[in-house]
Amino acid sequence: MSEIVYDSKGQLQQIQSGLLDGEQIIAVYDAVGAGTGFIGLTNRRIIIQDKSFAGKRIAITSIPYAKVSSVSVVSNKSWAGQYFSTGTIAITVGTHVYEVEFRGSEKTHHVHNVILHYCS
């Protein structure tokens, strides 16, 4: 098993506390912007913490890879130009699109590639 990549030990522990039997964490990345707290990637699913609910409520949403119909890297710069300093992943599940913004293009591309790997 390779080493888990993560930004915050507290976020990693939150994901660890809800793992299924045999499930392994790949990465847990902090998100920026309104709403989303973090994204966790395991060998079975995507886990998104959403802080946008009224009354200080927080949702933890689990998305099985089989339910993802597309994943996109959203950027304000072209792929032909320089790499961008922040990036957004758009994950389409049915008619809903989950958007998660990260600091750093490395995280954005890693999340994109892990999701593609497990969706295909």
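Keep in mind that this is a model prediction, so the values were computed, not measured. The figures that follow rest on heavy atoms only: side chains count, while hydrogens, waters and symmetry mates do not.
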**Student:** How about Thr108 and Thr88: do any of their side-chain heavy atoms sit closer than 4.5 Å?
**Tutor:** no
**Student:** Do Ile39 and Tyr98 make a side-chain contact, defined as non-hydrogen atoms from C-beta onward lying under 4.5 Å apart?
**Tutor:**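 Answer no - side chains too far apart.
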**Student:** Is any side-chain heavy atom of Ile26 closer than 4.5 Å to a side-chain heavy atom of His110?
**Tutor:**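 The answer is yes; the side chains approach within 4.5 Å.
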**Student:** Step by step, would you call His117 with Tyr65 a side-chain hydrogen bond (donor to acceptor under 3.5 Å, both in side chains)?
**Tutor:** CA-CA 9 Å; His117 172 78; Tyr65 289 112; over 6 Å; no
**Student:** Hydrophobic cluster membership, with links at side-chain heavy-atom distances under 4.5 Å among I/L/V/M/F/W/Y: are Val97 and Val71 in one?
**Tutor:** no
**Student:** I'd like to know whether Glu23 forms a side-chain contact (heavy atoms from CB on, under 4.5 Å) with Arg45, so could you lay out the CA-CA distance, the side-chain angles of the two residues, the decisive distance to 0.1 Å, and finally the verdict.
**Tutor:** CA-CA 9 Å; Glu23 189 172 22; Arg45 60 188 162 139; 2.7 Å; yes
**Student:** Between Tyr6 and Ile25, is any pair of side-chain heavy atoms under 4.5 Å apart?
**Tutor:** no
**Student:** Contact between Val32 and Phe102 at the side-chain level, heavy atoms closer than 4.5 Å - yes or no?
**Tutor:**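 A side-chain contact is absent here, since even the closest heavy-atom pair is not under 4.5 Å.
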**Student:** Determine, stepwise, if the pair Ile47 / Ile63 fulfils side-chain contact (heavy atoms from CB on, under 4.5 Å).
**Tutor:** CA-CA 6 Å; Ile47 302 165; Ile63 305 166; over 6 Å; no
**Student:** Hey, is the main chain of Asp30 close enough, under 3.5 Å, to the side chain of Asp7 for a donor-acceptor pair?
**Tutor:** yes
**Student:** Would you indicate whether the side-chain heavy atoms of Phe38 and Ile15 approach each other to under 4.5 Å?
**Tutor:**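 The answer is yes, as the side chains (C-beta and beyond) meet within the 4.5 Å cut-off.
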**Student:** Just by distance, do the side chain of Gln14 and the backbone of Gln11 share a donor-acceptor pair under 3.5 Å?
**Tutor:** no
**Student:** Find the distance between OG (Ser8) and CD (Gln13) and round it off to the nearest 0.5 Å.
**Tutor:** 8.0 Å
**Student:** Heavy-atom distance under 4.5 Å between the side chains of Ile89 and Val74, does that happen here?
**Tutor:**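 No; the side chains remain at least 4.5 Å from each other.
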**Student:** For the backbone of Thr92 and the side chain of Ser69, can you confirm whether one donor and one acceptor N or O come within less than 3.5 Å of each other?
**Tutor:**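 Yes, Ser69 side chain to Thr92 backbone: donor-acceptor pair under 3.5 Å.
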**Student:** Evaluate the side-chain proximity of Ile46 to Val68: yes if any heavy-atom separation is below 4.5 Å, no if none is.
**Tutor:**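 A side-chain contact under 4.5 Å exists here.
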